Structure formats: C-alpha cells, structure tokens
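Counting begins at 1 with the first residue of the sequence. The structure displayed is predicted, hence computed values, not measured ones.
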Amino acid sequence: MTNQQTLRRKLLDLDNGNYKAYRDIQGSYEFPDFTLIIDYVQGDPFAAPSKLRVQVPYTVTGFPPELYKNPIREMALRDFLTRKFDRLAYEVSGRRGTGKSGMIAITKMGQEVLERTSTYLIKLAPPAPKPEPGSNPALQRAKPIKLSNQKGVEVRLIVGLPAGGRRILGRQAAEMLCDDIPYIVHRSLKYEQLDADACRRHVETVEDTDWLRKQLPEKNLVAFVANGAILPRRSGVDDRPLSSEEVVPFKSPPSLEVEFECPNQGKISGMGIPRGVTLIVGGGYHGKSTLLKGIELGVYNHVPGDGREFVVTDPAAIKIRAEDGRSVAGVDISPFINQLPQGRSTTQFTTENASGSTSQAANIMEALEAGLGNSNSEETATTATPPVLLVDEDTAATNFMIRDRRMQELIAKDREPITPFIDKVRQLYTDYQVSTILVMGGSGDYFEMADKIIAMENFQAQEVTEKAKEIAEKYVTGRTAEGGEKFGEIRARIPLPASLDPSRGRRDVRLKVRDVDEVVFGNEDVDLSAVEQLVSKDQLRAIGAAMVYAKKQYMDGNRTLLEIIDAVMADIESKSLDVLVPFPQGDLALFRRFELVAAINRLRTLTVK
C-alpha cells in the first residue's frame with residue numbers, strides 16, 4: 001500500500017519532468033490520520049485543476065454523534081466543515097509557478113447553506129487498484145472496491161499542481177500534498193481543533209430554519225419573517241448583512257404575528273404571510289423590495305449571523321419577472337395573451353425575442369407547468385405542490401400588470417391581446433391554489449384582489465388591509481374585469497431530444513459556468529440572469545450536468561418536461577448529486593426543480609411538442 005512517504009518520493013522524482021507525468025501520482029495514499037485520493041490529474045497547468053479527496057475516520061475527527069443525528073444536521077455540519085476547510089486552504093495556498101499552480105480550494109461559499117458535494121459523511125473504503133497498463137489514468141476515477149465498516153468525513157478539493165512553464169515543480173508539489181494538506185486536515189476536520197460552540201450553533205440554526213419552513217403549511221402560511229431579522233444587504237455584490245447602526249430590525253405588525261417553538265432556539269415570533277394574494281405597498285426606498293428579496297431567498301437555509309436565518313418561505317416560491325429578448329418554445333400563454341396580430345398562435349407560443357409582456361406570461365406558465373404539470377390530469381392535481389409567485393413591479397412589464405379604466409376606454413378589449421395579471425391573480429388562487437406575493441407601489445387597483453396588504457414605512461411593516469379596502473370602496477376605479485370566469489389550462493410539453501445537444505456535434509460534452517447567470521451548453525450560452533433565486537456557481541454546474549443527464553436518461557420524445565424533471569430530481573434524492581457526474585466532484589450544489597426547468601426553457605435550440 002502506498003503512503004505519505006511514497007507520494008513525496010514520487011513527486012521529488014518527477015521534479016522538472018514533463019507536466020503530463022503528474023498523472024503517475026493518481027491513486028490512493030495512506031497518511032497517518034487520513035487517506036488522500038487523487039481522482040483526476042490535470043494535463044496542463046492552465047487547465048481545470050486536479051481533483052482530490054481526503055477521507056478521515058470518525059475515530060480521528062471525534063465529532064459528537066448529536067451533530068449529525070439526522071439528515072438536516074448532517075448537511076449543516078458538512079457545510080460548516082467545508083467553510084472551515086476552504087478558509088484554511090485559502091490561507092495556506094500561494095503562487096507556486098504558472099497557471100493555477102499552488103491553488104488548494106473547495107468552492108466559493110455564500111450566505112446560503114446548500115446541499116453540496118464538497119463534503120460527505122461516508123463509509124470509508126480501501127484505496128483503489130492502480131490503472132491497468134495501457135489505460136488512460138486521467139480518465140479513470142479511484143473507485144473503492146469494497147466498503148469497510150469504518151465511517152468518516154470525506155472532503156473533495158481541487159489542487160493546482162505547480163509548474164514552471166510546463167515542467168513539474170516536484171518539491172513545491174510535495175510541500176502542497178504532503179505538508180499543507182495534512183495541516184489543513186488537522187486544523188479543520190478534527191473536532192478538538194474547532195470552535196465547538198460555533199459548530200453547534202451552525203448546526204442548530206440550520207435545523208431550526210428547516211423545521212420552521214416545514215411548519216408553514218400547518219399555519220396556512222407561505223412565508224415567515226422573524227422579528228429582529230436584518231434584511232438589507234451591504235451592496236449588490238456583497239450579500240452579507242448591512243452592519244450600519246441605522247439598520248432597522250424587522251418587526252411584525254401585531255395582526256400578522258405568529259409564534260413557533262423551535263427545536264433548539266425555543267420560542268420565535270414574527271410575521272406570517274398567509275396563503276392567497278398578498279400586496280406589499282409603500283413609498284419608494286421604504287423597504288418593499290428588500291422585504292421581497294428576503295422572502296425570495298427564504299427558500300434556502302442561511303448561516304448564523306446572516307440576519308435572514310429565520311426568514312423562511314414555501315419551497316415552491318418562484319420569483320417572476322419580465323425578461324425582454326428571451327426565447328420561448330411552444331408555451332401556452334393564452335390565459336394571458338390572445339389574438340395576436342397576423343393570427344399568431346398563443347397556445348403554442350414560440351419566439352426568439354419575447355417582449356416584456358410575453359416573456360412574463362411565459363415565465364408564469366412555465367413555473368405553473370413545472371409545479372402543476374398538466375392541469376387536465378387528475379393525478380397531477382392531487383400530487384402537485386402549488387407554486388407561490390413572487391412579483392416586484394420594478395421588474396415587471398407595466399402593460400402585463402395593469403390596464404386601467406381610461407386605457408380600457410381608449411383601447412377596446414378586442415384590440416388588446418393582453419389580459420393583465422390583475423385579472424388573473426385571483427383566479428390562480430381559486431382555480432389552482434397558487435398564492436402570490438406582489439410588491440406594488442404604483443397601482444391601487446390591486447386592493448380589491450388582495451387578501452392581505454402590508455405597508456412598508458421607514459423599513460417597518462404595518463398591516464393596512466382594512467384601510468386599503470375602505471379606500472377601494474370610496475374610490476371605485478370603474479375598470480372592467482377582462483379575465484373571464486376561469487384562469488385557463490396549464491398544458492404539458494414534451495421536449496424533443498435532438499434539440500438539446502451539449503456535445504457540439506462531437507463526442508465530448510461542453511459545459512462551462514460563468515458566474516451565477518450563464519451556463520455554456522454545447523454551442524449555446526444559456527442566459528440565466530433573470531432567474532434570481534440561483535445563488536451559487538455550483539448550482540449552475542449541477543444544472544448543466546443535470547441537463548446532460550436528463551437528455552441521456554429520460555428524454556425520449558414521449559415524456560413530458562414535468563415527468564423528466566421528476567425523474568432527475570428523484571435520482572438525485574436517492575443517489576445524491578454524484579449521479580450526474582462521471583467521478584467525484586466537490587463543486588456541485590443542489591438546485592430546485594424550477595431552476596433546472598428555467599435553464600432548459602432558455603435553450604434557444606429547444607423544440608417541443
């Protein structure tokens with residue numbers, strides 16, 4: 001069996017050799033306290049970094065079982081360890097040559113606690129056998145041949161093996177793998193080296209947040225904002241809480257205040273937003289959009305100290321906005337738009353360049369399709385989870401949101417193809433139990449449609465439902481409802497496999513992620529900048545892999561998009577995100593079904609039937 005000294009000797013022997021000779025080190029190595037597994041070795045110092053794993057037995061880590069006694073605690077502990085390991089790796093890493101030389105990292109972490117592949121609690125395995133003669137070790141993974149009963153922590157990391165030009169810097173590589181990594185493991189994966197109170201607080205906070213979210217249906221709520229929450233962020237590029245002394249902690253209006261008894265924190269109170277139609281109103285710069293943003297990201301758990309760690313939202317909440325220029329493939333937008341000029345169909349609406357109103361209509365119908373499927377299906381109607389729509393007038397198409405009495409008088413309905421959202425928002429709830437939370441500062445016509453109306457004034461919330469209803473009765477708008485008696489049908493679509501090609505017509509798959517707003521899929525740059533609930537590049541990497549997986553495993557020209565997504569998400573739940581990739585990777589994070597659907601729908605090559 002190979003060991004730490006063997007690896008050091010190999011690296012020293014490779015010093016000044018051709019960079020591709022690094023592939024000789026692939027395999028497993030026993031260190032005194034852990035196992036180092038080298039799964040993939042980069043072929044060039046400028047290529048994607050090498051992929052490694054460290055496995056540390058529980059007998060070495062010493063974590064109390066209570067920290068991982070259930071799935072949500074385990075996920076929170078893994079998140080805590082990932083953050084600690086990555087911080088130490090950043091401190092230790094340094095320039096050791098050209099390209100990515102000297103880098104040791106896991107992944108970039110945000111304020112959200114996501115299910116990730118960076119760290120696992122696993123059954124440990126003996127090292128894999130060496131590659132067979134004549135095989136390409138760079139394309140093989142070190143697969144365990146038999147699991148042992150010894151459990152432990154596995155951390156997946158990326159390493160930029162050092163080079164001078166394209167020559168191996170063996171001494172520096174030996175320092176990285178044989179000295180730096182053991183130091184990081186010792187400081188980050190042993191309980192005795194950690195801040196035990198911080199670790200416990202991290203685990204308990206995430207458990208409480210997850211528990212709160214699961215209680216929403218029992219209280220007929222779609223969202224909860226805890227008293228004392230800090231909602232403003234530092235900037236548009238810094239998602240940490242604003243730390244100014246002028247920040248106003250959130251306080252619930254008495255009429256909307258609810259209380260929970262959390263497993264760890266105990267009693268917690270705050271504002272509950274009930275199912276139905278809720279308006280958030282108020283003057284400019286008084287906190288309307290900031291409140292909605294907090295609710296929007298309440299589908300995720302957050303780290304302690306984020307300020308929004310006890311802001312929770314229905315997991316099926318989806319931010320909807322206008323998206324000028326996006327492509328749309330065969331979506332039935334007829335509940336909102338009909339009788340287009342030149343007789344263009346809106347029951348199978350297709351365009352390369354949607355307008356604000358047609359894009360917003362398509363975004364809503366695609367979200368309903370992903371959540372509810374075919375509205376004519378009795379099976380879907382009983383098993384689906386109704387989405388919750390989140391809409392901010394600042395990012396909505398004005399002509400899609402409202403058509404007032406004066407405009408109705410000037411432009412007759414038979415000359416206006418758009419049925420505005422105001423005439424459909426109530427029907428969405430009565431017909432499909434789809435709730436809506438809407439930021440609206442410019443039109444009181446929505447007062448009649450709302451169940452609850454929350455006014456933001458100086459960053460504090462007040463319930464003004466009764467007052468708004470009185471105003472609505474006093475100042476009758478006189479507008480005519482244009483939505484008909486029913487919302488309309490939600491039609492399922494079947495994607496055609498040939499329209500998804502990640503390989504550019506070749507054997508290799510081309511996937512690349514650019515920040516949190518774009519996936520390169522084959523020859524296409526898929527723009528996801530309007531999919532606002534994506535928070536990590538790792539989610540985009542996983543979405544790209546899931547698109548490839550969905551095409552390979554389930555797209556047959558017969559399954560509906562909903563059936564395909566259901567199958568992919570079920571595989572991930574039962575087999576983990578690893579099912580999407582050929583060898584262990586530490587840079588994937590779980591996404592929701594809605595973001596995967598959004599990426600597929602924005603493929604400009606997509607065709608459906």
Side-chain angles (χ1 to χ4, degrees), residues 289 318-370 387 389-404 406-408 410-425 427-428 434 436 438-443 445-446 479 482-484 487-491 493 499 517-518 524-533 561 594-595 597-608:
S289 295
I318 313 163
K319 180 67 180 296
I320 300 293
R321 58 172 296 163
E323 194 175 347
D324 291 45
R326 66 153 289 194
S327 62
V328 179
V331 179
D332 184 354
I333 61 172
S334 62
F336 292 106
I337 299 176
N338 258 312
Q339 300 174 334
L340 287 177
Q342 300 176 335
R344 294 182 63 192
S345 170
T346 59
T347 58
Q348 300 179 56
F349 183 72
T350 299
T351 181
E352 286 287 319
N353 188 25
S355 66
S357 57
T358 56
S359 64
Q360 192 164 350
N363 288 343
I364 291 175
M365 298 309 297
E366 289 168 353
L368 297 177
E369 179 189 10
L389 304 184
L390 310 176
V391 184
D392 190 331
E393 66 175 350
D394 283 351
T395 55
T398 302
N399 63 336
F400 180 80
M401 298 301 295
I402 181 69
R403 207 162 84 92
D404 64 20
R406 290 176 175 176
M407 194 58 70
Q408 287 181 326
L410 180 63
I411 307 295
K413 177 56 183 169
D414 61 5
R415 288 183 287 148
E416 173 52 76
I418 302 173
T419 298
F421 190 62
I422 190 173
D423 292 318
K424 290 295 185 179
V425 65
Q427 294 172 350
L428 273 170
V434 173
T436 300
L438 172 63
V439 167
M440 179 60 66
S443 176
D445 286 9
Y446 273 86
R479 72 177 303 278
E482 300 177 345
F487 176 79
E489 293 185 4
I490 301 165
R491 299 182 189 273
R493 295 172 298 152
S499 65
D517 58 7
E518 188 174 86
E524 277 206 73
D525 297 341
V526 185
D527 183 3
L528 298 175
S529 58
V531 184
E532 297 184 17
Q533 287 163 291
L561 183 57
F594 301 106
E595 282 72 50
V597 167
I600 293 173
N601 280 323
R602 283 159 181 76
L603 279 168
R604 291 190 174 272
T605 57
L606 178 66
T607 56
V608 302

Fill in: Within-4.5 Å side-chain heavy-atom neighbours: Glu366 and Arg493
yes

Worksheet, complete the sentence: Exactly one candidate in Val608, Leu606, Val597 meets side chain to side chain contact (heavy atoms under 4.5 Å, CB included) with Leu561; the answer is Val597

Worksheet item: So do the side chains of Gln408 and Glu482 get within less than 4.5 Å of each other, counting heavy atoms only?
Response: yes

Fill in: Any Leu389 side-chain heavy atom under 4.5 Å of Ile364 side chain
yes

Worksheet item: Would a distance-only check, ignoring hydrogens and angles, find a side-chain to backbone donor-acceptor pair under 3.5 Å from Arg415 to Ile411?
Response: no

Practice prompt. Would you indicate whether Arg406, at its atom CZ, is surrounded by more than 12 heavy atoms from other residues, nucleotides or ligands within a distance under 6.0 Å?
Written response: no

Response to the item:
side chain to side chain contact (heavy atoms under 4.5 Å, CB included) test vs Leu368 passes for just one of Ile490, Ile318, Asp332, namely Ile490

Discussion item. If you define the side chain from C-beta out and look only at heavy atoms, does anything of Arg326 sit under 4.5 Å from Asn363?
Written reply: yes

Discussion item. Can a donor-acceptor pair be found, under 3.5 Å and without considering hydrogens, that links the side chain of Gln533 to the backbone of Lys319?
Written reply: yes

Discussion item. Does Gln427, at its CD atom, have more than 12 non-hydrogen atoms belonging to other residues, nucleotides or ligands within less than 6.0 Å?
Written reply: yes

Worksheet item: Would you say the side-chain atoms of Ser359 pair up with the backbone N or O of Ala322, donor to acceptor, closer than 3.5 Å?
Response: no

Discussion item. A side-chain contact here means heavy atoms from C-beta on lying under 4.5 Å apart; do Asp423 and Arg479 qualify?
Written reply: yes

Worksheet item: Less than 4.5 Å apart, any side-chain heavy atom of Ile418 and any of Arg403?
Response: no

Worksheet entry | Sub-4.5 Å side-chain heavy-atom contact between Asp394 and Val439 | no

Discussion item. Would you say that Met401 contacts Tyr446 through its side chain, given a criterion of any heavy-atom pair below 4.5 Å between the two side chains?
Written reply: yes

